[in-house]
Amino acid sequence: MDKPRVLLIQSLGSSLAPVRKLLEERNFLVHLSRTWEEAEKTYSAFPSGQIKFIFTDVTLCQGSGWEKFVQRARNTPSDATLICFHPQFSNSLYDLLQHPYSTTDAELSTEEGEIEEALIIGETRQFRDVLDLASRYASHDITVLITGETGTGKEVVARYIHNQSSRKDKSFIPCNMTAIPETLVESELFGYLKGAFTGADKNKKGLIEAAEGGTLFLDEIGDLPPTIQLKLLRFLESREFYKVGDSTPKFADVRIIAATNRDLDKAILENGFRKDLYYRLNSARIILPPLRERREDIILLVANFVYQTCRHTQMPIKKISNSVKVLLLDYPWPGNIRELKNVIESAVMVSDDEYLTLSDLPMHLQQYATSHRDEIGAKAIRSISEAERDIIEQALKEANGNKGKAAELLGISTRTLYRKIVKFSGQVSPDTVPEL
C-alpha cells in the first residue's frame, strides 16, 4: 500500500527536522514547500485526493500567497485537511497525531543537533551592566521586560536569564507575537478544547502549558491584541488561565519574559497598550543599548561571527582587512547585532581570499564606504598608526625601556626606533618611553 502523501509548508527561517521526522515516523510521504507559490505547484501536481494533509507553518498564514492558496484548495474537490502549527511549538503535532512526546530540548533540536546556547559577547560598561542586572533578575522568579531596538539581542538575554535561573533544566519556549495571526493568538497561548470552534477536533495545549516549569519568552509583546493583554495580565497575577472553550480555570508554573522594540509609553497614550499590564511588566526591566552605543564590542562580535560561519561551512578562518574594520566601526548599524551578523555571514560566504575586503560586503555598505571615503580613509590611517604605536610600546615594556633591545625585538634599527618614538611623541605612554 502506498504511503499517504502530505504537503509540509514551512518557512526558510525555521527548523525543519522535528516536524519532518515526526511525519515520516507516522508513515507519511512528505512533500516540502518553502513558499505558497511552491506549495500551490506541488498541490496541483497530484490528482484530487492524493494529498491527505496539508501541514503549514502558522507564521506563513498571511498575505496574498496564503489567501490564494486557501481559495485554490477550497475550489478543488478534495478531502485534504489543513493543519496549522507554530514552528517553535511543533510539539502540538505530537498530540494531534497521537505520538508520545516530551518537552525536552532533544525534540526541539535543529537539523544540526541540539540548540546551541547563544554566546554573550560584550565588554563595554553598558553591556556588562545589562548582564549584571539580568543575573540578579535570574535569581528571583519574577517577570522581566526587555526593551531595545530590533536586533539588539533581546532573545539572547532572555535565554541568559533562563539559563541562570532555577528553571534552567526546564523548557525555554520563544514566541514572536507578530508571527501569529491575531485570530490565533489566544488559542496558541492558552490552548483550546475540542469543539471550541470549527476545526477544533481535539484538545490542544497552548504555549503556556508547554512551558510548564520553565520560561515562556513573548517577543514583541507591544503588538499583543488588547483582549489578550488582559488575559495575560490575569495569568501574571494569579497563574490562572482559561483554554478557549473551557469554563474551568487552569494553573501553570511558568515564568514570563517579555520583550518589545516599541515605545510602550507612547503605545499607552495611543490606546494600544494597557497601563496595568505595562506597570506589571515594567517593575523588572532591562534596556538593551543599540550597537552604535557599544562600538568597542563590534570587533569582538565580528570575530565570533566569522569564526562561527567558517566553522559551520568548514572554511579556513578568515581575517578582517583594516579597511573593513574601520568601516564596520564607523557604520551606524540600524539593524544592530542581527544586521552585523547577517553582513558578516554573507561576506564570509562570498569571499575568495584570506581576508574579508570591502568588495565582499553587501552593496549598501560599499556605497556607505564610497560616500564616506575621506572620513573612513583618515580613520584607517589613524588605526594603522595606533597599531604601530601599540607594538612599539609593547616592545619597550618587554625591554624594560632599553631601546636597543626593543629595536632588536621589533626587527628594526635603533635609528628607526628613535625616529618612530619622535613620531609618536605625546602618544606613547610616558611611563614606557624614557626621554631621549
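For the pair Thr313 (side chain) and Thr309 (backbone), a donor-acceptor distance under 3.5 Å is present. A donor-acceptor pair is defined here as one N or O able to donate and one able to accept, closer than 3.5 Å; no such pair exists between the side chain of Ser238 and the backbone of Phe235. Judged by distance alone, with hydrogens and angles left aside, the side-chain atoms of Asn336 form no donor-acceptor pair with the main-chain N or O of Pro290 at under 3.5 Å. Without hydrogens or angle criteria, Asp297 side chain to Thr124 main chain gives a donor-acceptor distance under 3.5 Å. Put simply, the side chain of Arg294 never gets that close to the backbone of Gln126: no donor and acceptor are under 3.5 Å apart. Side-chain atoms of Gln164 never come within 3.5 Å of backbone atoms of Ala138 as a donor-acceptor pair (strictly under, hydrogens ignored). In this structure a side-chain-to-backbone donor-acceptor pair under 3.5 Å is present from Gln366 to Leu361. Without hydrogens or angle criteria, Asn342 side chain to Arg338 main chain gives a donor-acceptor distance under 3.5 Å. Side-chain atoms of Trp333 come within 3.5 Å of backbone N or O of Leu328 as a donor-acceptor pair.
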What verdict does the side-chain contact (heavy atoms from CB on, under 4.5 Å) test give for Val343 and Leu365, after you've listed the backbone C-alpha separation in whole Å, the side-chain angles of each residue and the deciding distance to 0.1 Å? CA-CA 9 Å; Val343 163; Leu365 280 177; 3.5 Å; yes

List the steps and the verdict of side-chain contact (heavy atoms from CB on, under 4.5 Å) for Leu356 and Val306. CA-CA 10 Å; Leu356 295 184; Val306 168; 4.1 Å; yes

Starting from the C-alpha separation in whole Å, work towards a yes-or-no answer on salt bridge (Lys or Arg N to Asp or Glu O under 4.0 Å) for Asp129 and Arg125. CA-CA 6 Å; Asp129 287 346; Arg125 177 61 183 272; 3.2 Å; yes

Hey, mind stepping through Lys170 and Glu212 against salt bridge (Lys or Arg N to Asp or Glu O under 4.0 Å) and telling me if it holds? CA-CA 8 Å; Lys170 299 294 184 179; Glu212 174 64 34; over 6 Å; no

Worked check of side-chain contact (heavy atoms from CB on, under 4.5 Å) between Ile54 and Tyr43: CA-CA 9 Å; Ile54 301 170; Tyr43 186 68; 3.8 Å; yes

For the pair Glu354 and Lys318, evaluate salt bridge (Lys or Arg N to Asp or Glu O under 4.0 Å) and give the outcome as yes or no after the intermediate values. CA-CA 5 Å; Glu354 178 184 2; Lys318 303 282 186 179; over 6 Å; no

Hey, mind stepping through Leu264 and Leu145 against side-chain contact (heavy atoms from CB on, under 4.5 Å) and telling me if it holds? CA-CA 11 Å; Leu264 293 185; Leu145 174 65; 4.1 Å; yes

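In this model, a donor atom of one side chain and an acceptor atom of the other lie less than 3.5 Å apart for Tyr278 and Asp265. Checking Asp353 against Ser351 by side-chain atom types alone, no donor-acceptor pair falls below 3.5 Å. With no hydrogens or angles considered, a side-chain donor-acceptor pair links Asp330 and Tyr368 at under 3.5 Å. Under the 3.5 Å distance criterion, with hydrogens and angles disregarded, no donor-acceptor pair is assigned to the side chains of Glu155 and Tyr160.
Closest approach of Phe241 to Glu209, counting heavy atoms only: CZ-CG, 3.6 Å. The heavy-atom pair separating Val157 from Ala134 by the smallest distance is CG1-CB, 4.3 Å. Closest approach of Pro289 and Val130 over heavy atoms only: CD-CG2, 3.9 Å. Closest heavy-atom contact between Ile146 and Ala158: CD1-N, 3.8 Å. For the pair Glu237 and Arg280, the tightest heavy-atom approach, listed with the atom from each and the gap, is CG-NE, 3.9 Å. In plain terms, the two heavy atoms of Val324 and Leu358 that are nearest each other are CG2-N, 3.5 Å.
We find the CD1-CZ distance between Ile9 and Phe55 to be 11.0 Å, quoted to the nearest 0.5 Å. Atom CZ of Phe172 is separated from atom CD1 of Ile161 by 9.0 Å, given to the nearest 0.5 angstrom. Here OG1 of Thr143 is found 15.0 Å from CZ of Arg285. Values are rounded to the nearest 0.5 Å. Atoms CG and OG1, from Leu232 and Thr227 in turn, are 11.5 Å apart once rounded to the nearest 0.5 Å. How far CD1 of Ile51 is from CZ of Arg5: 8.0 Å, rounded to the nearest 0.5 Å. With values rounded to the nearest 0.5 angstrom, Tyr331 atom OH is found 11.0 Å from Leu291 atom CG.
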Under 3.5 Å, which donor-acceptor pairs link side chains of residues 247-258 to any protein atom two or more places apart or in another chain?
{"residue": "Asp253", "atom": "OD1", "partner": "Arg167", "partner atom": "NH1", "Å": "3.4"}
{"residue": "Asp253", "atom": "OD1", "partner": "Arg167", "partner atom": "NH2", "Å": "2.6"}
{"residue": "Arg255", "atom": "NE", "partner": "Ile142", "partner atom": "O", "Å": "2.8"}
{"residue": "Arg255", "atom": "NH2", "partner": "Tyr137", "partner atom": "O", "Å": "2.8"}
{"residue": "Arg255", "atom": "NH2", "partner": "His140", "partner atom": "O", "Å": "2.9"}
{"residue": "Arg255", "atom": "NH2", "partner": "Ile142", "partner atom": "O", "Å": "3.0"}

Donor-acceptor pairs under 3.5 angstrom involving side-chain atoms of residues 215-226: please list them, not counting sequence neighbours.
{"residue": "Thr215", "atom": "OG1", "partner": "His162", "partner atom": "ND1", "Å": "2.7"}
{"residue": "Glu220", "atom": "OE1", "partner": "Asn261", "partner atom": "N", "Å": "3.4"}

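Annotation: side chain of Arg234 is in contact with side chain of Lys231 (closest heavy-atom distance under 4.5 Å). Residues Arg159 and Pro174 are in side-chain contact: their nearest non-hydrogen atoms beyond the backbone lie under 4.5 Å apart. Looking at heavy atoms from C-beta onward, Leu230 lies out of side-chain contact with Ile228 at the 4.5 angstrom threshold. Between Leu236 and Leu281, the closest side-chain pair of non-hydrogen atoms falls below 4.5 Å. The closest side-chain heavy-atom distance from Val348 to Met315 is below 4.5 Å. Side-chain contact between Cys175 and Ile180 is present, with heavy atoms from C-beta onward closer than 4.5 Å. Using a 4.5 Å cut-off on side-chain heavy atoms (C-beta onward), Leu131 and Phe127 make contact. Contact of the Leu340 side chain with the Val302 side chain is registered, since non-hydrogen atoms from C-beta on lie closer than 4.5 Å.
Every side chain to side chain donor-acceptor pair (under 3.5 Å) that Asp132 has, sequence neighbours left out, goes to Arg136. Tyr242 pairs by the ring-ring contact (aromatic ring centres under 6.0 Å, His included) definition with nothing, not counting sequence neighbours.
For residues 299-308, there are no salt bridge (Lys or Arg N to Asp or Glu O under 4.0 Å) pairs, not counting sequence neighbours. Within the structure, salt bridge (Lys or Arg N to Asp or Glu O under 4.0 Å) contacts touching residues 145-154 (residues at least two apart or in different chains) are Glu149-Arg292.
Around the CD atom of Glu182, the shell of radius 6.0 Å holds no more than 12 heavy atoms that belong to other residues, nucleotides or ligands. Counting non-hydrogen atoms of neighbouring residues, nucleotides and ligands closer than 6.0 angstrom, the CE atom of Met349 reaches no more than 12 such neighbours.
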